Amino acid sequence: MATEKRTPGIGTLCVQAGYKPGKGEPRQIPIVQSTTFKYETSDQMGRLFDLEDSGYFYTRLQNPTNDQVAAQIAALEGGVAAMLTSSGQAANLFACLNICSAGDHIVSAGNIYGGTFNLLGTTLPKMGIEVTFVSPDASEEEISAKFRPETKLLFGETLSNPGVEMLDIEKFARIAHSHGVPFIIDNTFATPVLCRPFEFGADIVTHSTTKYMDGHGVAVGGALVDSGNFDWEAHADKYPGLCAPDPSYHGLIYTKAFGKLAFITKATSQLMRDLGSIQSPQNAFYLHLGLQSLHVRIARHSESAMKVAEYLENHPDVAWVKYPGLKNDPHHELAKKYMSAFSGVMCVGLKGGRDFDNRFMDSLKLITIETHVADCHSCILHPASHTHRQLTDEQLRAAGIAPDLMRLSIGLEDPEDIIYDIEQALAAAHV
Ligand SMILES: *Cc1c(COP(=O)(O)O)cnc(C)c1O
């Protein structure tokens, strides 16, 4: 008989972590659709604003529905605390701004999602934060050489969007820690079901919950999760925002007052207060619904994607396929080390040229043309014809995007139907 305390599996956490109803309370998470919260005495309200008591007062900062879903994501990632944001962009912005200010510097993998690349490469520099991009496959010495005294964090993506390149998480964690800075990783494409970056040394995880976590193409959202492992106080001179008095809270010091919760508390009480990028409680409810089946869905996405990748690899019209599950993929060994399955997104290049690509896409009946990825509907995007259409082939290559690259996101339809659709569209593209 099993009497030892059992740690719940990831599937159980997907269904049950976070919201814990009491006697007679709703089984499904309630949507607390209220901007504000009531108190009985002036002192009760005052203590909230001194951060002496915790409690809800205004949904721009915190809302019970959001907090329960954030607690669930923290449990899934194995972190100490999390917060929901209005989008994945906001999550990555908050992760950086919670640590960096004007004069600081960031080192980031260069193969990251285009939106994050713009945020780091264009918008943060306007705020006085410089960013150096590195090839994620460069040696530890080469990446280390980009660090400066004012470097405050290292950034990367578990599985890059759109290139689906697996990051060597332990290598990045080692480099960050040897420079006394945290390693922040965007875990959107892997999800905590396939990879939990904290187990490999990452300090902070971000998500675009818009993708697999939501999984149905319903709500834009993001999340920020802290492992609680990075020792800010050991580098107190580098992180005054966390380790020195905050004048906007009567000189409170986050690390002293909140210990391992310092990072998320500061992000909530300072950044959310001032920048107001909260997720709506209604969207948090949709996200929660998505999370409850994440483990089942991501397994199916991965299984079907493997079948489609193997089919494409053997098709005479296909020049190349990039999917971390394929044995000859340059990142296959790393992907096997860090992930329990290979997720549902792949890239493919066809042999026929741009007109052929367009005839192929126009002939698809089940797979739809969308800028989105990672939900239940199979979809395709050709950056050279869509998101990056203003670039020449040379400019595309310089941005790391092959002109023939098509991003294919495998949904939850029957894999045989997805393959049939590709088969008939390739045939149709020849005429
Ligand atoms: C989509 C995406 C983002 C941005 O998220 P939004 O929810 O669209 O703001 C960030 N990182 C990755 C890896 C993404 O795929």
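Because only heavy atoms are used, hydrogens play no part in the values below, and waters and symmetry mates are left out as well, while side chains stay in. All figures in this text were calculated on a predicted structure; none of them were measured in a lab. We count ligands from 1, going down the list as the structure has it; atoms in each ligand are counted the same way.
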Chemist: Any idea how F147 and H179 line up, ring-wise: parallel (<30°), tilted (30 to 60°), or perpendicular (>60°)?
Modeler: parallel
Chemist: In this structure, are over 12 heavy atoms from other groups packed under 6.0 Å from K20 atom NZ?
Modeler: yes
Chemist: Does ligand 1 have any N/O atom under 3.5 Å from a protein N/O, and what are those pairs and their distances?
Modeler:
unit_1: ligand 1; atom_1: 5 (O); unit_2: S208; atom_2: OG; d: 3.0
unit_1: ligand 1; atom_1: 7 (O); unit_2: G88; atom_2: N; d: 2.9
unit_1: ligand 1; atom_1: 7 (O); unit_2: S208; atom_2: OG; d: 2.8
unit_1: ligand 1; atom_1: 7 (O); unit_2: T210; atom_2: OG1; d: 2.6
unit_1: ligand 1; atom_1: 9 (O); unit_2: G88; atom_2: N; d: 3.0
unit_1: ligand 1; atom_1: 9 (O); unit_2: Q89; atom_2: N; d: 2.9
unit_1: ligand 1; atom_1: 11 (N); unit_2: D186; atom_2: OD2; d: 2.6
unit_1: ligand 1; atom_1: 15 (O); unit_2: N161; atom_2: ND2; d: 2.9
unit_1: ligand 1; atom_1: 15 (O); unit_2: K211; atom_2: NZ; d: 2.6

Chemist: Report yes or no: does E157 contribute a side-chain atom to a donor-acceptor pair with the main-chain N or O of Y113 at less than 3.5 Å?
Modeler: yes
Chemist: If you count the non-hydrogen atoms of other residues, nucleotides and ligands that lie under 6.0 Å from CD in E313, is the total more than 12?
Modeler: yes
Chemist: Would you call K171 and D137 a salt bridge, taking side-chain N to carboxylate O under 4.0 Å as the test?
Modeler: no
Chemist: Classify the ring geometry of Y239 against W232: parallel below 30°, tilted from 30° to 60°, perpendicular beyond 60°.
Modeler: perpendicular
